[in-house]
Protein chains: 4
Amino acid sequence: MNLGTVSSGVVESRVSTRFDRRLARILDHATAIFCEKGYERASMRDLSRACGMSLAGLYYYFESKQRLLYLVERESFERVMDLLSERLNGVADPEARVRVFIQNHVEFFLARPKVMKVLSHEDDVLEGELGTEIAAIKRSYYRACADLVECLKLDRNQRFNSRNAVMALFGMINWLYTWYNPTVDGSPAVLAQDFADIFLRGVYSGT
Amino acid sequence: MNLGTVSSGVVESRVSTRFDRRLARILDHATAIFCEKGYERASMRDLSRACGMSLAGLYYYFESKQRLLYLVERESFERVMDLLSERLNGVADPEARVRVFIQNHVEFFLARPKVMKVLSHEDDVLEGELGTEIAAIKRSYYRACADLVECLKLDRNQRFNSRNAVMALFGMINWLYTWYNPTVDGSPAVLAQDFADIFLRGVYSGT
Amino acid sequence: MNLGTVSSGVVESRVSTRFDRRLARILDHATAIFCEKGYERASMRDLSRACGMSLAGLYYYFESKQRLLYLVERESFERVMDLLSERLNGVADPEARVRVFIQNHVEFFLARPKVMKVLSHEDDVLEGELGTEIAAIKRSYYRACADLVECLKLDRNQRFNSRNAVMALFGMINWLYTWYNPTVDGSPAVLAQDFADIFLRGVYSGT
Amino acid sequence: MNLGTVSSGVVESRVSTRFDRRLARILDHATAIFCEKGYERASMRDLSRACGMSLAGLYYYFESKQRLLYLVERESFERVMDLLSERLNGVADPEARVRVFIQNHVEFFLARPKVMKVLSHEDDVLEGELGTEIAAIKRSYYRACADLVECLKLDRNQRFNSRNAVMALFGMINWLYTWYNPTVDGSPAVLAQDFADIFLRGVYSGT
DNA sequence: GATGAATGAGAATTCATTCAT
DNA sequence: GATGAATGAATTCTCATTCAT
């Protein structure tokens, strides 16, 4: 599966039924609206207007507003994580692997700025099972990063506080949605490198 | 103004009328509720319950829910900024000055975790004049930090991308609200140092 | 028409087309659902789920939800009434005839507890022509009973208030749906006899 | 407490605040609407129209439509039961006591035909705690009647099936709401006597 | 015969806010 | 200073029904 070629659609798959395609379109609109107004302020009416579909018609495609957010979030997380393991494949050097993580995250989400904001900003809103499931996915994404950092630490014989370091890194990359402007800020690749440099030099203690 | 002696109240001033003191109490409750449920989901009823005051009674102290958030945000920003300039006073070394900024921010907001979340999370919600005003304050806080970093860069003769660096720093410290747990994570002072180390080493390029 | 051989289906007839048979199955499901949730709360979606048929497919068999209830009600009423006249055939004694009515009603509906509830409970809901028609059928069922009681009254030279008596009787037998429990309450036959005894002794005034 | 003088209001008490009085008015309208259209078909809009109050204004007086029905039902049940024990006071003869029960029920509810219908017809609709509570009240009303009948049975040395008898009685009196017409049917007192005669003669077996 | 997709109308409920008192 | 009572507008979601295929 070559995810690299997929640029903007939230949902995509080799065989997509008409239902899937329409749902995907709705999810795209939903992402845009959740991004613009925030999940809570975004109303189903707003979405209905954006989709050019009746309010009731929307509900043919999913059962609730919460489920809508869930679908947006799950889809994206699975996508970055798939892409990450693919890119990590064959990269052995611990430092290089951390760089791959940062690059992957920054490039993926800078290509989908709206999703990025929704994921970063609407962290807590899902309740019940849906919330639990998303929380689990997020945890495993965090774990993946933490493991890479841990390996690096061992490899380089460093003694920095891992949790603080990983959280600092997540801070850098998750805060992106609040300020990145494609017209004034550099290319995603360059930015990723800047972040990687700051992080890596940052955690290495002298000697 | 000696902010160091003020421990918990959001609003305080040398001469505080009874009105001011009651408003301050309301703002504290509002902060707690905005933190817990998010601004949009928090209802005036929730606040009324928390304050033990009637819904209508609340409106004697402020004009609208938006204004409430505005007051909470403005107050806190003014406080960190005042505290910052006070602490910067007499510190000359550019690196030390950046460290002071980080320490001030981390310590101030870790002492007020609820305010920290509200400020970081409810960034966009204010509209109109209120929004413009808060945006201006935030910009000046950003500017203060950016200036410190710029001085450091000149002083050390570095060539990192300033905006990226400053934004990486803000990412670290603003993301704190999502993960910091006083019982498992170190003291604010230690954490601030960790962050400062990561940032400073991070932006210095070798040689 | 020999109704005695028909055990459970709501709708059945000597020559039943495939259409009739499928409609009958739908009516059975509809009866169950109307019984369980009440007509108003029961949704066409519930029915569609129960039938394993699409919502739209259902409408091939009837025009509207109201018509569905109408069919359920009409069918059952016609069945009890047919069965009644059959059983009354050859019974001459006025008291025995009243006993036959009670037995017939109790046994018929205790064999179809769901129908019993729907008929007793969803009395008013049909509007327009459909409502008028069902009302007419109910009236003729009431009339049949009232006539039997009237004959008995004349035969025994009694002077009880007929309407009150008949309504008391209908009360007993229509209220059954709210309490009858096959595992704790006696057989329908015994229950019918109890009711008949209470009613008959009840209306006879001494001497 | 002299409940005999209270004729129609659903809620009343010696000291009734303005809130109570307005709530009572709403409950009266609600009773009328639930009676006319059934609980499920009755909409809060219907009630709002009937009360001449805004939809939102209604909710100042109770928290949900279910609670509204609960209040109507509880109030009435408590009233009949209070009235019953009052009237039973000083009546020793077991048969007389059963007559008092029937008279009390018939007269109370024939004076409040709308409440009667709501209570008889909307039996199952309340869910959760509200439903449990109402079910408990109904059970205790049933128990009261069953106890009276049991005493009578012992006193007269009869052997009829008590449950069937009591249920037959409840059938008679609860079915009333479907047919009683004050202009053609006799006075409540006479009707109650008719019912009592039917029931008492009905359960006594000869000799 | 049957269905996927869609809809207008309406459901209960909540919201921030106001105003006479 | 503070509140009880009220409201218009909006919320999410469900309903019976339809129609092209």
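Please read all numbers here as calculations on a predicted model, not as lab measurements. In what follows, chains are A, B, ... by sequence order, proteins preceding strands, each numbered from 1. Every heavy atom of this structure was used, including side-chain atoms; hydrogens, water molecules and symmetry mates were not.
- You'll find that the side chain of A:M53 is closest to E:dA6, out of E:dA6, F:dA6, F:dG1.
- Summary of the strand contacts: B:Y39 and A:S54 both lie near DNA chain E, and taking for each the nucleotide with the nearest heavy atom, the more 5' one is attributed to A:S54.
- Nearer the 5' end of DNA chain F, as judged by each residue's closest nucleotide, is the contact made by A:D46, out of A:D46 and C:R41.
- Checking E:dG4, E:dA2, E:dT17 against the side-chain heavy atoms of C:A56 singles out E:dG4 as nearest.
- At a cut-off of 3.5 Å, with distance as the only test, no side-chain donor of D:D28 or D:T31 sits close to an acceptor on the other residue.
- Rounded to whole Å, the distance from NZ on C:K65 to C1' on F:dT17 is 12 Å.
- Residue B:R22 places its side chain closer to F:dA2 than to any other of E:dA5, F:dA2, F:dG8.
- In this structure, of F:dC15, E:dT17, E:dA6, it is F:dC15 that holds the atom nearest to the side chain of C:S43.
- Straight-line distance from the OH atom of A:Y59 to the P atom of F:dT17: 22 Å, rounded to whole Å.
- Atom P of nucleotide E:dA2 and atom CG of C:L23 are separated by 12 Å, given to the nearest angstrom.
- Rounded to whole angstrom, the span from the CG atom of D:L47 across to the P atom of F:dA6 amounts to 13 Å.
- Residues C:E122 and C:K65 are not paired through a salt bridge, judged by the lack of any N-O separation under 4.0 Å between the basic side chain and the carboxylate.
- Applying the Watson-Crick and G-U wobble criteria (two distances, each under 3.5 Å), F:dA20 pairs with E:dT3.
- Each of B:E73, B:R74, B:Q66 was compared with B:Y70 under the side-chain hydrogen bond (donor to acceptor under 3.5 Å, both in side chains) criterion, and only B:R74 meets it.
- Within the 4.0 angstrom heavy-atom criterion, no nucleotide atom of any strand lies near A:R18.
- Distance A:L58 CG to E:dG8 C1': 15 Å, rounded to the nearest Å.
- Within the 4.0 angstrom heavy-atom criterion, only backbone atoms of the sugar-phosphate kind lie near B:Y61; the bases stay farther away.
- Nearer to the 5' terminus of DNA chain E, by closest-nucleotide assignment, is the contact made by A:G52 (compared with the other of A:G52 and B:S64).
- Atom OH in D:Y60 sits roughly 4 Å away from atom P in F:dA5 (whole-Å rounding).
- Look at CZ on D:R45: it is 12 Å from P on F:dA9, rounded to the nearest Å.
- A salt bridge is absent between D:D124 and C:R41; no separation between the charged side-chain nitrogens and carboxylate oxygens falls under 4.0 Å.
- Using a 4.5 Å heavy-atom threshold, the side chains of C:M53 and C:Y61 count as touching.
- The separation between A:M44 atom CE and E:dA9 atom P is 19 Å, rounded to whole Å.
- Residue contacts shown for D:F19 are limited to sugar-phosphate atoms, with no base heavy atom under 4.0 Å away.
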